[in-house]
Amino acid sequence: MTYNFNDIEAKWQKYWAENQTFKAENNSEKPKFYVLDMFPYPSGAGLHVGHPLGYIASDIYARYKRHQGFNVLHPQGYDSFGLPAEQYAIQTGQHPAITTAENIKTYRRQLDQIGFSFDWSREVRTSDPSYYKWTQWIFIQLFNSWYNKDADKAEDISELIKIFVSEGNSKVNAVCDDNIEPFSAEEWKTFDTVKQQQILLQYRLTYLAETEVNWCPALGTVLANDEIVNGVSERGGHPVIRKKMTQWSMRISAYAERLLQGLDKIDWTDSLKESQRNWIGKSVGAAVSFKVLANNENGSHAEHVEASHVIDVFTTRPDTIFGVSFMTLAPEHELVSQITTPAQKAEVEAYILATAKRSERDRMADVKTISGAFTGTYAEHPFTKQPIPVWIGDYVLAGYGTGAVMSVPCGDQRDYDFAKHFNIPIPNIFEGVDISKEAYASKDNVVIANSDFLNGLNYKEATKKVIQELEKLGQGEGKTNYRLRDAVFSRQRYWGEPFPVYYVNGMPQMIDAKHLPIRLPEVEKYLPTETGEPPLGNATVWAWDTNKNEVVSNDLIDNKTIHPLELNTMPGWAGSSWYFNRYMDPDNTEAFASKEALNYWKDVDLYIGGSEHATGHLLYSRFWQKFLFDKGLVPVDEYAKKLINQGMILGTSAFTYEFMPSFDADSKYRYNTVLVSNSIFEKYKKKIVLDDDFFSTTFNIMFSSYSSSEKLKIRELVDKGKIGFGFMDRHVDVALINSSDELNVNEFKKWRPEFDDAIFIGEKGEIIEGDNDVYKVGREVEKMSKSKYNVVNPDQICVDYGADSLRLYEMFLGPLEQYKPWNTAGITGVHGFLKKLWKLYVGENGLLVNDTEPSKESLKTLHKTIKKVQEDIENFSFNTSVSTFMIAVNELTAQKCTSKDILEPLLVLLSPYAPHIAEELWSQLGHNESISTAPFPKFDASHLVESSKNYPISFNGKMRFTLELPMDFNAQQIEEAVMANEKTQEQLQGRTPKKVIIVPGKIVNIVG
RNA sequence: GCUCAAGUGGCGGAAUUGGUAGACGCGCCGGAUUCAAAAUCCGGUUCUUCGGAGUGCGGGUUCGAUUCCCGCCUUGAGUACCA
């Protein structure tokens, strides 16, 4: 009986599906364990071998935890809203729901054939109305909430309204829009509904705000910054205009501090946490207000500039306030127009115009050019009362902090460069620091000087002191700033969740939750409308009837009872921000998940996915979870205890090399195509030698259609340097390469008929005709992609070697977190291992396993393996356990082990990695239940006790030979035995050792 | 620029607390089997001037360093005028 993996795998996949072997129960006496993969976007290309890497790792862990007696939740689903399906719809008219469903089918087939232990009864799809009903529901909850800073949590908007009614908004400590006008309770009551709704929007956790976007009228679409080059569209060169659009935003900034603090509670990788910390960008410092001096005090004529203006700045270095020699505002700063003197007006306006023309990208890319303009106005230093010139400069960003800085050239390199460029003084306020060449930006080793009451203090002391003094003046306070911006939540796309929102008098109204889901309407075209509205603007049945509570035809809109619906859809991260909770109770129609299910499963114990989601999905989902927690809707405020990023599997691209001449333009010469093997390319790639065999032979081949005299003429041109030669490399499909990097020339010609007449020169330098020589390709590691022809499909691997081989090999490639290249040739190693394993159990005449007593060696092999595999799984070191299995099978084969006491537990160890072969052999051993129900073998250290040790004997730290000595020898006995050994004397060559280091059970090191 | 990660044979990688560097596998070389090939099995495979040398480079700590410390170099990822 041979190892017929195709039959075995099909058999057990069917068995698992029919018996629902991996269905998780929401009620169980067992402890729970939740293993989650980041769910995939089902793309049309299907899976390649890189995609399942993380799924295999999590599957091994999930299966291991089942053997350990846990009730394991290991679900899978699809993040099925998204751009590619929509692009395809635009091109073909095919409804995205149809392509998405087809793609999911392909994914499911591919996932099934790898033998994952997913509980498919819990599958979710974000584009399914029964799922996005709850995405819409959560959106409504966000709309109906505000962030109370005093309670440090989200609260219902009705609480806020109560406060407004009883005392106005002056005491409200909320995260909200800037510049909200204060009002009293009486005023609130006099406001009309629209006014009240406008005010409430400024507090809600999701709110409408005007945002500037790049609008291209010719293309009828919004463009991202990187789609615009020199002010025109990258495609077609159409003009682009800045347009304000009303967009939904999420007030994630309210959670900045909690998102930061929460990182300390969760076991995620340091690099990922670091990314999130950088993204949140907390800086601690001070807010300082500088009074603008009325211009007449400075001899200017601009009487209209009043002293009441104040420039607010944020600084992380309030300790350097005496080093301020100018202030800089962003050109877009709203005060600029108000404070500029008539004399400077022309210059300032020209500068603003010039910077406005430059795109954000240009400004960011061009950091070196220093530019700016003086406003003509001065501000007053809060302590010295000296006038400080106010400049504008585009190195100050309008979007960060207050859009204005106090410039301290001695302590900030950008301020320093600006000051040098415009000849502004650079006062030094650091004791013993040379600032003649550059600023001293460090906070360490600072002793403040020339700074009045701060003299002699260090950074910390001075910061504390100056904030106290600023507070006394009422011109500043300690402040913390975050880089994290509120997130735009609207997309001008079709294939996303519709908002449960209609508009009355321009104000957004939530549809009552009991009428959800609001389904995506049908549209004729998936493009934006001619008037620039999002694709939903094409829908003819897209209005809300507030009497019937249903979506009705647009014709009926009367703005009394029937109102227009929102035309934007939600972004990709909406559905993925809470799906991990839905898996706990996926079919619930009353809630996004029941309280019981949420309290039983609570959170994800292990989450595996790619690091590309570090600041997107993984931040937004933490934000939503914290919000749901505040509202008492989930029991924990961090949803994933442990997270691992799997590395990417890279492709090993293959290249052919064409050796070709480079003629001057309009050459009449025609030549034969010559492809050379890799070693020839390697030999000549740097320099082509004109007077050796290779060149003369190849030259003759290339120009074989010419007469000898003509060839001589061409050769002359070559020697004169008129014709040069070089190599052209081309990607070749890795499917045409064998395990020795040899190209199948005939198949290649079928794949690329234009090379039908090409001449192939092989490794030996011979023209390939039959099998006289071989053509080897060059290889390079690159990202796996269709265009590089290095994509390897798991389907073919499963056919040729089986899913168990694929699973083992993906793990065997290297550490889970690392980037590593795929090379299909290597799979024969793990495949051979499985065959060897099979032969250990099954001989030509049937099962070999019997009830003989296991030998000491076999017991040692088994327990060594149990220990190592258990440690490896718990450390996510799956590559090393594959090696361990190989060693175990090699040893047991050598021992001719047939004992059931050894071979049965070995199958349980292996089953998380290679579940199909393990199930098959398990059932052949007489078991009727799935191996997944078997307990994990117990490690017994007594089998590993040794009576002797093969000591490495080192001389000055270098191992020279080994010596077998009894384990119970003490240090003195060891030393005697070692010194008496003739090899020791040989090494010493008569010298007396200075010292002998002996660590019993470990090593012997002789010094001298 | 900053932050993070990583540099070990021809290749993927191993060495878990400082203790025999190169486990395991691929590839390659040699052999057995075969009419032949595939498959399978056995042996070898860091380099070497055969003394030794050797884990990106230069130092240091130690009896002993891939592992710890200091300084650099290279590669990859993220981020970028963040005050």
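So you know, we letter chains A, B, ... as the sequences are listed, proteins then strands, and number each from 1. Only heavy atoms go into these numbers, but all of them, side chains included; no hydrogens, no water, no symmetry mates.
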Select base, sugar-phosphate, or nothing to describe what Ser883(A) touches, counting heavy atoms under 4.0 Å on all strands. base
Ignoring backbone atoms, test whether Gln818(A) places a side-chain nitrogen or oxygen under 4.0 Å from the OP1 or OP2 oxygen of A6(B). no
Looking at U79(B), I'd like to know if its phosphate oxygens (OP1 or OP2) sit under 4.0 Å from a side-chain N or O belonging to Arg277(A). no
Which value, in whole Å, describes the distance between the C1' atoms of nucleotides C81(B) and A21(B)? 48 Å
Once you round it to whole Å, what is the distance between P of A14(B) and CZ of Phe878(A)? 14 Å
At under 4.0 Å, does any side-chain N or O of Thr615(A) touch on OP1 or OP2 of G78(B)? no
Could you state the atom-to-atom distance from CD of Glu871(A) to C1' of U16(B) in whole Å? 7 Å
Can you establish whether the number of heavy atoms outside Gln972(A) located under 6.0 Å from its atom CD is more than 12? no
Compare every heavy atom of Lys839(A) with every heavy atom of Leu848(A), then report the nearest pair and how far apart it is. CD1-O, 3.3 Å
Just N and O in the side chain of Asn278(A): are any of them under 4.0 Å from OP1 or OP2 of C4(B)? no
Under 6.0 Å between ring centres, would you say that holds for His381(A) and Phe322(A)? yes
Classify Asp412(A) by what it touches in the nucleic acid, base, sugar-phosphate, or nothing, heavy-atom distance under 4.0 Å. nothing
I'd like the C1' distance from U17(B) over to A80(B), given in whole Å. 40 Å
For Thr316(A), report the nucleic acid contact type (base, sugar-phosphate, nothing); a contact means any heavy atom under 4.0 Å. sugar-phosphate
Atom pairs under 3.5 Å: protein N/O with N/O of nucleotides 48-54 of chain B:
| residue | atom | partner | partner atom | Å |
| --- | --- | --- | --- | --- |
| G54(B) | N7 | Lys958(A) | NZ | 3.2 |

If we take the C1' atom in both G43(B) and G76(B), what is their distance in whole Å? 40 Å
For C82(B), the nucleotide meeting Watson-Crick or G-U wobble distances (both under 3.5 Å) is none
Euclidean distance for P, U16(B) against U79(B) (whole angstrom): 34 Å
Let me know the distance between CD of Glu817(A) and P of C4(B), rounded to the nearest Å. 18 Å
Heavy atoms only, 4.0 Å cut-off, all strands: where does Tyr819(A) land among base, sugar-phosphate and nothing? sugar-phosphate
Keeping Tyr440(A) on the side-chain end and Val446(A) on the backbone end, is there a donor-acceptor pair under 3.5 Å? no
The residue among Lys776(A), Glu742(A), Arg779(A) that forms side-chain contact (heavy atoms from CB on, under 4.5 Å) with Asn678(A) is Lys776(A)
Please report the distance separating the C1' of C11(B) from the corresponding atom of U46(B), rounded so that it comes out in whole Å. 13 Å
Interatomic distance, Arg483(A) CZ vs A83(B) P [rounded to whole Å]: 10 Å
Go ahead and name the base partner of G54(B); Watson-Crick or wobble counts if both distances stay under 3.5 Å, otherwise write none. none
Run the side-chain hydrogen bond (donor to acceptor under 3.5 Å, both in side chains) test on Asn481(A) and Ser283(A) for me, step by step, so that the C-alpha distance in whole Å, both residues' side-chain angles and the decisive distance to 0.1 Å come before the verdict. CA-CA 5 Å; Asn481(A) 212 34; Ser283(A) 8; 5.2 Å; no
Grab the CG-P distance between Asn956(A) and U62(B) for me, whole Å please. 15 Å
Categorize Asp270(A) for me: base, sugar-phosphate, or nothing, with a 4.0 angstrom heavy-atom threshold over every strand shown. nothing
Students often get this wrong, so: under 4.0 angstrom with heavy atoms, is Thr828(A) touching a base, only sugar-phosphate, or nothing? sugar-phosphate
Say we look at G56(B) and A6(B): how far apart would their C1' atoms be, to the nearest angstrom? 11 Å
Any Lys995(A) side-chain N or O less than 4.0 Å from OP1/OP2 of C63(B): yes
Using Watson-Crick or G-U wobble geometry with both distances under 3.5 Å, which nucleotide pairs with C4(B)? G76(B)
On RNA chain B, check which nucleotide each of Asn481(A) and Asn823(A) is closest to and give me the residue with the more 5' one. Asn823(A)
Could you classify G13(B) for me, syn or anti, using a glycosidic angle within 90° of 0 as syn? anti
What is the base-pairing partner of A14(B), counting Watson-Crick and G-U wobble geometry with both distances under 3.5 Å? none
Between G12(B) (P) and Glu810(A) (CD): distance, integer Å: 17 Å
Using purine N1 to pyrimidine N3 plus N6-O4 or O6-N4 for Watson-Crick, or N1-O2 and O6-N3 for G-U wobble, each under 3.5 Å, what pairs with C41(B)? G31(B)
Output the rounded distance in Å from CE (Met959(A)) to C1' (U20(B)). 4 Å
Between N or O atoms, less than 3.5 Å apart, protein on one side and nucleotides 37-42 of chain B on the other: list the pairs.
| residue | atom | partner | partner atom | Å |
| --- | --- | --- | --- | --- |
| U40(B) | OP1 | Lys835(A) | NZ | 3.4 |

Taking the six-membered ring for Trp and the single ring otherwise, decide whether the centroids of Phe326(A) and Phe422(A) are under 6.0 Å apart. no
Within a radius of less than 6.0 Å around CG of Asp270(A), do more than 12 heavy atoms belonging to other residues, nucleotides or ligands occur? no
Distance check, C1' atoms only: G19(B) and G64(B), in whole angstrom units. 7 Å
Determine the Euclidean distance between corresponding P atoms of C24(B) and C41(B); express it in Å to zero decimal places. 15 Å
Output the rounded distance in Å from OH (Tyr809(A)) to P (G13(B)). 10 Å
Closest nucleotide of RNA chain B for Lys949(A) versus for Thr880(A): which of these residues is on the 5' side? Thr880(A)
If A65(B) has a Watson-Crick or G-U wobble mate with both distances under 3.5 Å, name it; if not, just say none. none
Under 4.0 Å between a side-chain N/O of Asn890(A) and OP1 or OP2 of G25(B), yes or no? yes
